[in-house]
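Residue numbering restarts at 1 for every chain, and letters A, B, ... go by the order of the sequence lines. Just the heavy atoms: all of them, side chains too, but no hydrogens, waters or symmetry mates, feed the values below.
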There are 2 protein chains.
Amino acid sequence: MGRKAGRSPGETRRLLLDAAGAIIRTRGVSATLDDIAQQAGVSKGGLVYHFASKEDLIRALADDLLQTFRNAVESALDPADTAPGRLTRAYVRACLDTSQDERVLLETIALLAQLITIPAVAELARADAECWDRELRADGLPEEVLALVVSAADGAVNAPLWGTLTRTANLRRLEDQLIRLTLSDCAPPSSGG
Amino acid sequence: MGRKAGRSPGETRRLLLDAAGAIIRTRGVSATLDDIAQQAGVSKGGLVYHFASKEDLIRALADDLLQTFRNAVESALDPADTAPGRLTRAYVRACLDTSQDERVLLETIALLAQLITIPAVAELARADAECWDRELRADGLPEEVLALVVSAADGAVNAPLWGTLTRTANLRRLEDQLIRLTLSDCAPPSSGG
DNA sequence: GTCTATACTGTGATAGAC
DNA sequence: GTCTATCACAGTATAGAC
């Protein structure tokens, strides 16, 4: 039995991670390792070689997704924006971004919510949330504004999780409202664009 | 084998539902039917008699939790409040309610997020979300205010899902902010209680 | 009609062949 | 380093006691 693969271990890992994301998005966390391995073009044993257990695979996938979100926020940072609330505005833009085809980020969150079932992932998410809390608090915004804006952004991101169908136009308007809230304590929500 | 139980079928069902909630809260959706049955004091076969499959059990549990939230909002309705946004304010109060011991509601949401893994539950949640959307839109609030307030409330409810530890004082302040937003288009978030 | 006991099926995990 | 063979156990289905 056994064969050497025509690719590097790192490539196989990424292949398996992407396959896991695709399969679990469709069939939920109860998707079998067989299915995931097949999607990646390796055997089940091959998968288990790279990820000691299903939990290990899912934990790595969650880590990958958390990092993807962090990258999205970083990309949303406006270099010209140096005012207090700079990071918060990037956070809002990343959360409500509708430019990506098929709302990749929203799907990512929905997938993450599935993974969070696993205790190891929950712990990962907790540490990540704590990190965000620290960074956002240091962003220079009044606490009340920060709490309101971040809660709303989080709510919008979580909406698809609960089956709420959010239309692009509504997300854009909410994004504008939230950005305005970070720029002044009292932005009239009724004069929205 | 077999025995008549010293209780009605309905009581057994509720016993099993409560047990499922308790066990799944602790061990996740991967909790075994054996564990749940044992917690309820019946055999695994007995459980399967009342709920044809694990999916069926989880679907019933989700339905029960959705109804619990709906009841919470109804209880939060202020009889003296007849102004536009009446339902929205109850929704906010129910979402941010910290009076219940151990934040039962927040735990309920976290549990629901676990259950939503199952496709049948996702469909249930979608229908429920659509229902809320319809009712809240008919609540007489400007669309921009509604979207902002509901998103923020949803975000606060979902926060524990992501491991964010929300302190009671912060939730109270956010609740005040959101209620004020439903009463005027421009409530200064900085004068919070 | 309700339930217990138990056998069946398929999944995740492991040991070891190549 | 990769994969096959196999094991242990969870979810499901069924038989039959009350």
Donor-acceptor pairs are to be reported for all side-chain atoms of residues 120-128 of chain B against protein atoms at under 3.5 Å, with residues two or more places apart or in another chain.
from: B:E123; atom 1: OE1; to: B:R126; atom 2: NE; distance (Å): 3.3
from: B:E123; atom 1: OE2; to: B:R126; atom 2: NH2; distance (Å): 3.1
from: B:R126; atom 1: NH1; to: B:E130; atom 2: OE1; distance (Å): 2.7
from: B:D128; atom 1: OD1; to: B:R70; atom 2: NH2; distance (Å): 3.3
from: B:D128; atom 1: OD2; to: B:W132; atom 2: NE1; distance (Å): 3.3

Hey, does B:S43 reach any base, or is it just sugar-phosphate, or nothing, if we go heavy atoms under 4.0 Å? base
So, does B:Y49 get its side chain near the phosphate of C:dT2, meaning an N or O under 4.0 Å from OP1 or OP2? yes
Between A:D35 and A:R27, is there a side-chain N and carboxylate O pair less than 4.0 Å apart? yes
Just to confirm, is there a sub-4.0 Å distance from OP1 or OP2 of D:dT2 to any side-chain nitrogen or oxygen of A:H50? yes
NZ/NE/NH1/NH2 to OD/OE distance under 4.0 Å, B:R137 and B:D133: yes
Against the side chain of A:T32, the closest entry in D:dA10, D:dT12, C:dT11 is C:dT11
In whole Å, I'd like the distance from the CG atom of B:L33 to the P atom of C:dA5. 16 Å
Heavy atoms under 4.0 Å, any strand shown: does A:A31 hit a base, just sugar-phosphate, or nothing? sugar-phosphate
Taking only the side-chain heavy atoms of A:V42 (C-beta and beyond), determine which of C:dA13, D:dT12, D:dC3 contains the nearest atom. D:dC3
Do the charged groups of B:D78 and B:R86 touch, with an N to O distance under 4.0 Å? no
Is any side-chain N or O of A:S53 closer than 4.0 Å to OP1 or OP2 of C:dG12? no
Grab the CD1-C1' distance between A:I23 and C:dT11 for me, whole Å please. 16 Å
What about B:K44: does its side chain form a donor-acceptor pair under 3.5 Å with the base of C:dT6? no
